Amino acid sequence: MSVRTRFAPSPTGFLHIGGARTALFCQLHTRRLGGTFILRIEDTDRERSTQEAVDAIIQGLHWLGLDPDEGPYFQSDNTALYLAAAERLLAEGKAYRCYCSRESIDALRESQREQQIKPRYDGRCRTRTDFPAEQPFVIRFQTPSSGVAAWEDHIQGSIRFPNEELDDLILVRSDGSPTYNLAVVVDDHNMGINLVIRGEDHISNTPRQIHLFQALGWPVPEYAHMPLLHGSDGSKLSKRHGAVSVLQYREDGFLPDALNNYLLRLGWSHGEQELFTRQEMQELFNIREVGRSAAIFNLDKLLWINGHHIRTATAEQLLPDYRYQLDKRGIRGQDTAYLLQVITEFQSRAKTMVEMVDKSLFLFVDTLGPYEEKALKKHLLSALPQSLMALHQALAGLETWQAQEIDHCFRQVVADLQMEMGQLAQPVRVALTGTASSPGIHETLYLLGRSKSLQRLQDAIDFLQNKPK
RNA sequence: GUCCCCAUCGUCUAGUGGCCUAGGACACCGGCCUCUCACGCCGGCAACACGGGUUCGACUCCCGUUGGGGACGCCA
């Protein structure tokens with residue numbers, strides 16, 4: 001039987017990095033086995049679910065290349081199915097109506113906490129035989145009071161819960177709506193899910209769900225509970241650790257496969273290999289090889305991996321992202337061939353596409369802002385205007401603005417002035433870019449173009465001649 | 001508090017009883033390359049939480065301690 005897994009987020013917020021990792025592992029695992037990866041939106045909490053969140057999740061998955069093979073399915077479409085299952089359990093005596101008020105249960109839990117025992121419902125309505133017509137009730141599952149619920153987790157190994165640790169969970173709320181555990185079990189069964197891959201925070205739900213499968217007479221799926229992703233303080237990832245939407249990573253100039261590569265290495269490894277292509281991920285990943293301990297999100301390593309993916313991508317592959325980032329700075333309508341040349345020149349110099357734009361921005365602005373303070377002092381102020389003038393004159397005399405020609409011309413000027421390359425290149429670099437770093441000086445001149453290059457050299461010459469003594 | 005899970009360099013990890021004076025990667029620190037910045041290359045710093053067992057021999061197996069995390073909702 002081929003494997004069927006599902007990613008089942010609740011649409012109460014955007015898709016963050018932890019959810020993306022779960023989705024990635026689900027998809028990768030099924031890809032290798034030729035199985036099916038299903039997206040199911042768990043919106044049984046109608047109060048907190050929003051359409052915006054649904055959209056953000058689907059968009060986030062799409063950006064990462066994690067589009068489902070099936071779905072999205074919405075639990076809100078299956079309410080009747082869940083309620084039917086609950087009715088059946090009720091009819092079979094495996095569930096019961098509970099008339100306890102929230103207040104009385106809160107009081108119960110509080111007193112249990114005081115006694116330092118695990119807060120849980122005590123089952124006081126189990127044996128109740130009266131059904132007061134006007135009183136609201138919930139439907140509770142009658143959990144076996146002895147025995148154990150156990151399973152062989154694909155990641156965590158053997159896990160067992162004594163049933164006396166569990167209480168009677170609510171299947172249907174007093175407003176008649178189904179709850180999470182019921183919906184999950186009914187859907188997992190109906191959708192033919194045979195492997196559940198989800199976060200470790202669901203471990204304690206698993207014994208309850210196993211009981212429900214058994215009570216309904218359905219086969220129990222296999223489970224793989226992934227260790228959680230932690231923030232820098234070692235606790236579960238949350239807003240305060242910058243658990244932002246994965247789409248924010250696109251805004252910040254990350255490549256989807258770089259993020260996938262990084263996420264993949266959190267908890268899974270393949271010998272000493274750090275870098276993976278999409279293809280390799282799909283061929284090599286196995287959920288059974290995932291480690292059991294939680295990992296801490298580390299931006300530095302993500303940046304390094306992103307830099308690697310930028311370096312190894314073709315300029316054509318990077319073009320849409322580069323254009324996207326340029327667009328956000330108001331730079332549009334640039335020639336494609338030109339942009340490809342720029343990208344090629346900056347690929348090894350940027351860890352993100354945002355950084356690439358930052359570093360190449362001088363090419364697109366009409367006039368430079370003030371020279372960077374350090375660069376100005378270190379390289380430009382000490383330069384002789386005469387050397388810049390000599391270069392200006394030589395470059396102005398070029399027939400065409402070709403990379404090789406510029407190279408020859410620049411070297412000739414350096415030789416004529418009896419200077420070292422760096423003595424001329426650095427001041428020129430500051431003149432052209434406003435900073436002390438850029439691609440090679442010939443490439444920089446070439447990319448900047450004749451008119452802007454000559455203009456900026458002239459500006460620097462004027463600047464030096466007018467500087468206060 | 002109760003239950004469940006986890007524990008190798010700062011971080012991500014390799015390691016499945018002898019190959020380990022513990023390997024790789026990021027970060028950091030040197031050096032090389034060099035017109036700058038990157039890239040690349042070379043080198044360095046840095047870890048088996050602790051205590052008991054088991055064994056001829058434990059990072060590897062067992063128990064305990066400590067530490068960390070998760071769960072304990074008419075949320076998912």
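Chain letters run A, B, ... following the sequence lines, proteins first, then strands; residues in each count from 1. It should be emphasised that the depicted structure is a prediction, and the values quoted were computed from it without experimental measurement.
Residue-level contact check: P439(A) touches the bases, meaning some heavy atom is under 4.0 Å from a base atom. In this structure, S438(A) reaches the bases: a heavy-atom distance under 4.0 Å links it to at least one base atom across the strands shown. Among the atoms of the strands shown, only primed sugar atoms or phosphate atoms (P, OP1, OP2) are found under 4.0 Å from some heavy atom of S10(A). Using a 4.0 Å heavy-atom criterion, one finds that G199(A) contacts no nucleic acid atom at all. Using a 4.0 Å heavy-atom cutoff across all strands shown, C98(A) reaches no nucleic acid atom at all. Using a 4.0 Å heavy-atom cutoff across all strands shown, H202(A) reaches at least one base atom of the nucleic acid.
For the C1' atom pair drawn from U16(B) and A58(B), the interatomic distance equals 12 Å after rounding to whole Å. C63(B) and U55(B) are spaced 16 Å apart, taking the C1' atom of each and rounding to whole Å. Taking atom C1' on both nucleotides, A22(B) is separated from U13(B) by 13 Å, rounded to a whole Å. Comparing the same atom, P, in U11(B) and in G17(B) gives a spacing of 27 Å after rounding to whole Å. Between the C1' atoms of U8(B) and C59(B), the separation comes to 7 Å (whole Å). Between C48(B) and G23(B), the two P atoms lie 13 Å apart (nearest whole Å). For the C1' atom pair drawn from C45(B) and A27(B), the interatomic distance equals 12 Å after rounding to whole Å. Distance check on atom P: C37(B) versus G30(B) gives 14 Å, rounded to whole Å.
Side-chain proximity of A425(A) to C74(B), G70(B), C35(B): nearest is C35(B). Between C6(B), A76(B), G70(B), one nucleotide has an atom nearer to the side chain of L228(A) than all others, and that is G70(B). Residue I159(A) has its side chain nearest to C5(B) when only G23(B), C5(B), C72(B) are considered. For R102(A), taking side-chain heavy atoms from C-beta onward, the closest of the listed nucleotides C74(B), C72(B), A76(B) is C74(B). Minimum atom distance to the side chain of S174(A) is reached by C74(B), of the listed A14(B), C37(B), C74(B). Among the nucleotides U36(B), C35(B), G70(B), the one closest to the side chain of S437(A) is U36(B). Comparing atom distances between the L266(A) side chain and each of C35(B), C12(B), A76(B) picks out C12(B) as nearest. The listed nucleotides are A7(B), C35(B), U36(B); the one nearest the side chain of A436(A) is U36(B). With distances taken from any side-chain atom of F161(A) to the nucleotides C72(B), C74(B), C4(B), the minimum falls on C4(B). You'll find that the side chain of Q426(A) is closest to U36(B), out of U36(B), C3(B), C72(B).
With no hydrogens or angles considered, no side-chain donor-acceptor pair links R109(A) and Q112(A) at under 3.5 Å. Using a 3.5 Å distance cut-off with no hydrogens or angles, the side chains of Y322(A) and S360(A) do pair a donor with an acceptor.
Across the strands present, G57(B) finds no partner; the criterion is a Watson-Crick or G-U wobble pair with both atom distances under 3.5 angstrom. Using Watson-Crick or G-U wobble geometry with both donor-acceptor distances under 3.5 Å, U2(B) finds its partner in A71(B). Checking A46(B) for Watson-Crick or G-U wobble geometry (two distances, each under 3.5 Å) identifies no partner in any strand. Under the Watson-Crick or G-U wobble criterion, with both distances below 3.5 Å, C26(B) is paired with G10(B).
Rounded to whole Å, the distance from CZ on R411(A) to P on C35(B) is 8 Å. Atoms CH2 (W268(A)) and P (G24(B)) sit 20 Å apart, rounded to a whole Å. Regarding L302(A), its CG atom lies at a distance of 12 Å from the P atom of A27(B), rounded to whole Å. Here C12(B) presents its P atom at 14 Å from CG of L263(A), a figure rounded to the nearest Å. Across the protein-nucleic acid pair, I343(A) atom CD1 and A38(B) atom P stand 21 Å apart, rounded to whole Å. Between the CG atom of N298(A) and the C1' atom of U11(B) there is a distance of 5 Å, given to the nearest Å. Atom CZ of R292(A) is separated from atom P of U13(B) by 11 Å (rounded to the nearest Å). Taking atom CG on N261(A) and atom C1' on U13(B), their separation rounds to 14 Å, with Å as the unit.
Minimum heavy-atom separation, I203(A) to W151(A): O-CH2, 3.7 Å.
Both the sub-6.0 Å distance and the 45° axial angle are satisfied by R21(A) relative to the ring of F25(A).
Residue side chain S204(A) does not reach the base of A71(B) through any donor-acceptor N/O pair under 3.5 Å, judged by distance alone. In the interface, the side chain of R311(A) is not paired with the base of C39(B) through any donor and acceptor atom under 3.5 Å apart. With hydrogens and angles ignored, a donor-acceptor pair under 3.5 angstrom links the side chain of E274(A) to the base of G24(B). Between the side chain of N205(A) and the base of A71(B), no donor-acceptor pair under 3.5 Å is found.
Looking at R160(A), its side chain never comes within 3.5 Å of a backbone N or O of A150(A) through a donor-acceptor pair. Checked by atom type and distance alone, the side chain of D252(A) never pairs as donor or acceptor with a backbone atom of T352(A) at under 3.5 Å. Without hydrogens or angle criteria, Q317(A) side chain to T314(A) main chain gives a donor-acceptor distance under 3.5 Å.
Residue T44(A) places at least one side-chain N or O closer than 4.0 Å to OP1 or OP2 of A76(B). OP1 or OP2 of G73(B) lies within a sub-4.0 Å distance of a side-chain N or O belonging to R109(A). OP1 or OP2 of C74(B) has not a single side-chain nitrogen or oxygen of T179(A) nearer than 4.0 Å. Between K351(A) and C39(B), a side-chain N or O to OP1/OP2 separation shorter than 4.0 Å is present.
Of the residues near RNA chain B, Q75(A) and S348(A), the one whose nearest nucleotide (by heavy atom distance) lies more toward the 5' end is S348(A). Mapping H308(A) and D300(A) onto RNA chain B by nearest heavy atom places D300(A) at the nucleotide closer to the 5' end.
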Worked verdict on R208(A) versus D167(A) for salt bridge (Lys or Arg N to Asp or Glu O under 4.0 Å): CA-CA 9 Å; R208(A) 307 175 201 282; D167(A) 63 358; 3.4 Å; yes

In sequence, state the C-alpha distance, the side-chain angles, and the governing distance for F276(A) and F285(A), and then conclude on ring-ring contact (aromatic ring centres under 6.0 Å, His included). CA-CA 11 Å; F276(A) 296 84; F285(A) 181 77; 9.9 Å; no

